[in-house]
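The figures here come from the full heavy-atom set of this structure, side chains too, leaving out hydrogens, waters and symmetry mates. Each residue takes its place number in the sequence, starting with 1.
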Amino acid sequence: MASGEHQYRVSIEWIGNQGSGTSGYRDYGRNHEIRAEGKPTISGSSDPAFRGDPARWNPEDLLVASASACHKLWYLHLCSEAGIVVEAYVDHAVGTMIDTATQGCFTKIVLHPRVTIRAGGDVALAERLHHDAHEKCYVANSVNFPIECEPVIETIER
């Protein structure tokens, strides 16, 4: 595992100028393009509740996805070290945000990973490793709200 400082460079280009810039709240689009060298472009916008395009990713979607993906990557790493063979992993994560007149913030994210391990694997250990993955998750360690995990572990004959 690499240690030390890591930097992540992305560029965000606003493509929502509809001819009059930000002359009024309803006069500009929220669409943007998220880019990083050597990677596919992500089409972004704001949440539809804030005049965004529902067909594009919004920052809130990306935050929930980041938390889910980081947890999953740590979990798979820990399972491979523990000798638990994961055959499938899907998470249906849910983030909750409140929006007030003065500010908005996330109050929690709940991960719902459904993990399929090879028959004969230690189901109790597979469940406990979610706790360890949470403790190591870079995203979970970087936010000021709880990220909860409600895993389901299933087994499959190979």
- [ ] For the pair Arg9 and Glu37, find out whether any cationic side-chain nitrogen is under 4.0 Å from an anionic carboxylate oxygen.
- [x] no
Open item on the list: I'd like to know if Leu73 and Tyr89 are part of one continuous hydrophobic network [Ile/Leu/Val/Met/Phe/Trp/Tyr, side-chain heavy atoms within less than 4.5 Å].
Closed with: no
Task: His92 side, atom NE2; Arg114 side, atom CZ - distance, nearest 0.5 Å - done: 8.0 Å
Task: From SG (Cys149) to CD (Glu127), nearest 0.5 Å - done: 9.0 Å
Open item on the list: Quick one, His130 and Leu111 - any side-chain contact, counting heavy atoms below 4.5 Å?
Closed with: no
Open item on the list: How close do Cys137 and Trp74 get, counting heavy atoms only, and between which atoms?
Closed with: CA-CD1, 3.6 Å
Open item on the list: Show the nearest heavy-atom pair for residues Ala119 and Glu157, with the distance to one decimal.
Closed with: CB-OE2, 3.3 Å
Task: Trace of the side-chain contact (heavy atoms from CB on, under 4.5 Å) decision for Glu33 with Arg56 - done: CA-CA 10 Å; Glu33 301 292 334; Arg56 291 173 165 254; 3.4 Å; yes
- [ ] Can you see which heavy atom on Ser80 is nearest to which on His77, and at what distance?
- [x] OG-O, 2.7 Å
Task: Audit row: Val10, Lys39, side-chain contact (heavy atoms from CB on, under 4.5 Å) steps and yes/no - done: CA-CA 10 Å; Val10 299; Lys39 298 178 183 179; over 6 Å; no
TODO: Spell out, as yes or no, whether a donor-acceptor pair under 3.5 Å connects the side chain of Arg26 to the backbone of Arg51.
DONE: no
- [ ] Tell me yes or no: between the side chains of Asn31 and Ser45, is some donor less than 3.5 Å from an acceptor?
- [x] yes
Task: Spatial distance of atom NE2 (His32) from atom OG1 (Thr41) [nearest 0.5 Å] - done: 11.5 Å
Task: Test log, rule side-chain contact (heavy atoms from CB on, under 4.5 Å), inputs Phe50 and Asn58 - done: CA-CA 10 Å; Phe50 308 108; Asn58 63 59; over 6 Å; no
TODO: Indicate, with yes or no, if Val85 and Leu125 share a hydrophobic cluster defined by side-chain heavy-atom contacts under 4.5 Å among Ile, Leu, Val, Met, Phe, Trp and Tyr.
DONE: no
Task: Backbone of Tyr28 reached by a side-chain donor or acceptor of Arg30 within 3.5 Å - done: yes
Task: Hydrophobic cluster membership, Ile147 vs Met97, 4.5 Å side-chain cutoff - done: yes
TODO: Say whether, by atom type as modelled, one donor and one acceptor occur between the side chain of Tyr75 and the main chain of His134 under 3.5 angstrom.
DONE: no
TODO: To the nearest 0.5 angstrom, please state how far the CD1 atom of Ile84 sits from the CG atom of Leu76.
DONE: 11.5 Å
- [ ] Would you check, one step at a time, whether the test side-chain contact (heavy atoms from CB on, under 4.5 Å) holds for Phe145 with Thr107?
- [x] CA-CA 6 Å; Phe145 56 86; Thr107 57; 5.8 Å; no
Task: Euclidean distance, His131 NE2 relative to Lys136 NZ, rounded to 0.5 Å - done: 10.5 Å
Open item on the list: Assigning hydrophobic clusters by single linkage (Ile, Leu, Val, Met, Phe, Trp, Tyr; side-chain heavy-atom cutoff under 4.5 Å), is Val110 placed with Leu63?
Closed with: no
Task: Expected output: side-chain Ser46 to main-chain Gly52 donor-acceptor under 3.5 Å - done: yes
TODO: Provide the closest heavy-atom pair for Ser23 versus Asp27 in the form atom of the first, atom of the second, distance.
DONE: OG-OD2, 3.2 Å
TODO: Heavy atoms only: give me the nearest Glu60-Phe106 pair and the separation to one decimal.
DONE: CB-CZ, 3.7 Å
Task: Ser68 versus Asp91, side-chain donor and acceptor atoms under 3.5 Å - done: yes
Open item on the list: How long is the straight-line distance from CG of Asp47 back to CG of Asp61, given to the nearest 0.5 Å?
Closed with: 7.5 Å
Task: Shortest non-hydrogen contact from Ile109 toward Gly95 - done: CG1-CA, 3.9 Å
Task: Polar side-chain atom of Asn141 near backbone of Glu135 as donor-acceptor pair, under 3.5 Å - done: yes
